[in-house]
Asker: 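Supplied in structure tokens, the structure appears directly below.
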4 protein chains.
Amino acid sequence: MKIAVIHGSTRLNGNTEYLTYQAIPKEKGTHIFLRDYNIEPIVDERHSEEGFPEVNDDHEKLIDLMLEHDVLVFSTPIYWYGMSGPLKTYIDRWSQIMRDPDYTHFRGELGKKKAYLIAVGGDHPKVKGLPLVQQFNYICQFYGMRFEDYVIGEARKPGEIRNDEAALKAAAQLIKELH
Amino acid sequence: MKIAVIHGSTRLNGNTEYLTYQAIPKEKGTHIFLRDYNIEPIVDERHSEEGFPEVNDDHEKLIDLMLEHDVLVFSTPIYWYGMSGPLKTYIDRWSQIMRDPDYTHFRGELGKKKAYLIAVGGDHPKVKGLPLVQQFNYICQFYGMRFEDYVIGEARKPGEIRNDEAALKAAAQLIKELH
Amino acid sequence: MKIAVIHGSTRLNGNTEYLTYQAIPKEKGTHIFLRDYNIEPIVDERHSEEGFPEVNDDHEKLIDLMLEHDVLVFSTPIYWYGMSGPLKTYIDRWSQIMRDPDYTHFRGELGKKKAYLIAVGGDHPKVKGLPLVQQFNYICQFYGMRFEDYVIGEARKPGEIRNDEAALKAAAQLIKELH
Amino acid sequence: MKIAVIHGSTRLNGNTEYLTYQAIPKEKGTHIFLRDYNIEPIVDERHSEEGFPEVNDDHEKLIDLMLEHDVLVFSTPIYWYGMSGPLKTYIDRWSQIMRDPDYTHFRGELGKKKAYLIAVGGDHPKVKGLPLVQQFNYICQFYGMRFEDYVIGEARKPGEIRNDEAALKAAAQLIKELH
């Protein structure tokens, strides 16, 4: 059972990262920081004759890495009541992957995986983060991925997540596969 | 009364664009297509000593343009049950603008504006697009912007939006300032 | 094709009723006003040895009537950001019906039907009514009922719904089976 | 600091009750079981000339009792993806209370209180219970009540809540005023 953690945070050592490590310690998962890679925004060519052009970036490499794992943990700060732009850009490009002849297995493979969401926000995230949870649930449903669980933490300034004891405890118990 | 339309679509002449023009004909608003500009993803430096570094892209120019208008229409295809990556990236960077000494008026200015949302999706968007509406509502609340109304269209393939008569009619009546 | 309208309103000739008649004129459907019947709240005895006791009220009669129709329209004023108590009480009792040996066909029969929702509220219902839409969607999903569409109207005082032109127009086109 | 717990469950010793006692032990709060009282459904007479008629039931008594407390915990099984009918009926009648000349202080008094929500459901409640959380948040907002926190438990058959360790732990830490 292999766990991949997709980090959407844009800040080093941020609150979201801290909470995520409570759930999946460094050595227990493959931690992928999207900020360390170049991922181009999608250009929707689903319906053009030529289809999607090849994009020269790191997206495919990350998709390959992700697919090697059984459990996917998506970790994101809540930016403007949604997932971070980098995580959204990463997921948007799945539309291209799904039409890539080399990835006809993509949807089916995701359907075998389990997913978790870890999100941290500063403005009433346990209520205002719920649309993100609902969106994430729809994404999982699309692929037939099992949305196992989620945790929402509250923090604004660096380090503040340490005060959200409930989130820390919940994170520490979040990943069923580690317990 | 000046209307700006922020288009998050990545495809030329797509369904979302079509629906949006039903609401705001070309000559009735300033149509800004984010895909025509270079907008870098945010790097959250809110809490670093140096603050945000200057970014050499088109974001500030678009912010200036947006602020000249009284009514803001956000138009986006629904990608993975949320706004498009380019639109999210554009909005994420508002966090940087808010900390820019040249834009201390940003939040206050947005608070005087009215906002509309136009979204088009292919997978039950009138239900699965609701988290996007809820997220958008929270964004408006943050700034004190009045979230006037929204319309959700259903379309998958190019041109299909023409079959969603209810959305077309609703769009044609959407913008109170035009009626 | 037969249409039943389940009215959850507690007021005669209210805004919700008015909007509902725009969608389904009196003579086009069987209009059932829950307020005219006696429906007892559920007492959850799903897990007691004796099971549910017989309840001497009108619930079964209304279930029988509802099941004779192909399209179900649920019409409710938005009370406290949800469906009205009488409508909730009516639906809560479905848990009892599902365990009634005389109604083993209940879930399957509902699964063949199409459902619509009409809701009217006074406090930003197009946003604050969305949890009700989402709840209703889950109810439909449970039964495999197809949730066709919904309309949300805004009105507070008697007659005010006549000012919500968008809702009136949307209602007039709502029921696909009538067009 | 006095805590009132409003129980919407219709079953004695059910899962919701069990989880609620983890949060507020019997002796730490005033536990009010709506099922033990007679509460009539609302008949909306907000706009009739005579206003609301007097209703001969236990509602006012429960309102008085509730108002004596500083913290309100609403505890409900999730019935059909919403609060239980009895709890909805109880809250619906607040519309009547607000127009009662003897309760002009009602809205203001609620605005001084803090609120919590405890909900238990059997069908993916951590996702499908979110509309209930959002609805509850709007109710709190209306009154200016501070919505402190919530916990959602998963259980179907009697006693099953004991397996939801995450919910039990979260409940045990839920009420800030007890820690």
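Letters A, B, ... mirror the listed sequences (proteins, then strands); counts begin at 1. Both backbone and side-chain heavy atoms feed into the values below; hydrogens, waters and symmetry mates do not.
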Asker: Around atom CD of D:Glu68, are there more than 12 heavy atoms of other residues, nucleotides or ligands at under 6.0 Å?
Answerer: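 Correct, the count exceeds 12.
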
Asker: Give a yes or no on whether C:Glu165 atom CD has more than 12 heavy-atom contacts from other residues, nucleotides or ligands under 6.0 Å away.
Answerer: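 Not buried by this count: 12 neighbours or fewer within 6.0 Å.
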
Asker: In terms of heavy-atom pairs under 4.5 Å, which option from D:Phe136, D:Tyr143, D:Tyr90 contacts chain C the most?
Answerer: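 Result: the option with the highest number of such pairs is D:Tyr143.
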
Asker: Is atom CG of D:Asn56 surrounded by more than 12 heavy atoms (other residues, nucleotides or ligands) closer than 6.0 Å?
Answerer: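 Check fails, neighbour count at 12 or below.
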
Asker: Does any part of the side chain of C:Val127, heavy atoms only, come nearer than 4.5 Å to the side chain of D:Tyr138, both counted from C-beta?
Answerer: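 SC-SC contact between D:Tyr138 and C:Val127 confirmed.
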
Asker: Quick one: does any side-chain atom of D:Thr10 pair with a main-chain N or O of C:Asp44 as donor and acceptor, under 3.5 Å?
Answerer: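 Yes: the side chain of D:Thr10 pairs with the backbone of C:Asp44.
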
Asker: Report, as yes or no, whether the 6.0 Å neighbourhood of atom CZ on C:Arg99 holds more than 12 heavy atoms from other residues, nucleotides or ligands.
Answerer: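 Counting other residues, nucleotides and ligands, CZ of C:Arg99 exceeds 12 neighbours.
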
Asker: Would you compute the distance between atom CD1 of C:Ile139 and atom CH2 of D:Trp80 and round it to the nearest 0.5 angstrom?
Answerer: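 Answer for the CD1-CH2 pair, C:Ile139 versus D:Trp80, is 7.5 Å.
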
Asker: Most heavy-atom pairs under 4.5 angstrom with chain C, which of D:Pro158, D:Pro41, D:Ser9, D:Ser84?
Answerer: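 Of the options given, most contacts go to D:Pro158.
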
Asker: Determine, stepwise, if the pair C:Trp94 / D:Tyr79 fulfils ring pair (Phe, Tyr, Trp, His ring centres under 6.0 Å).
Answerer: CA-CA 10 Å; C:Trp94 293 5; D:Tyr79 287 170; over 10 Å; no

Asker: For the pair D:Lys128 (side chain) and C:Gln134 (backbone), establish whether a donor and an acceptor sit closer than 3.5 Å, ignoring hydrogens and angles.
Answerer: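 No; zero donor-acceptor contacts below 3.5 Å.
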
Asker: Working to the nearest 0.5 angstrom, can you tell me the gap between D:Gln135 CD and C:Leu130 CG?
Answerer: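 D:Gln135 CD to C:Leu130 CG: 12.5 Å, rounded to 0.5 Å.
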
Asker: Return the minimal non-hydrogen interatomic distance between C:Asp92 and D:Pro86, and the atom names on each side.
Answerer: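 Closest pair (atom of C:Asp92, atom of D:Pro86, distance): OD2-CD, 4.5 Å.
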
Asker: Could you tell me whether the side chain of C:Lys88 and the main chain of D:Met83 form a donor-acceptor pair under 3.5 Å?
Answerer: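 Here the side-chain-to-backbone pair exists.
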
Asker: Can you confirm whether more than 12 heavy atoms, excluding those of C:Asp36, are under 6.0 Å from its CG atom?
Answerer: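 Yes, the 6.0 Å shell around CG holds more than 12 heavy atoms from other groups.
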
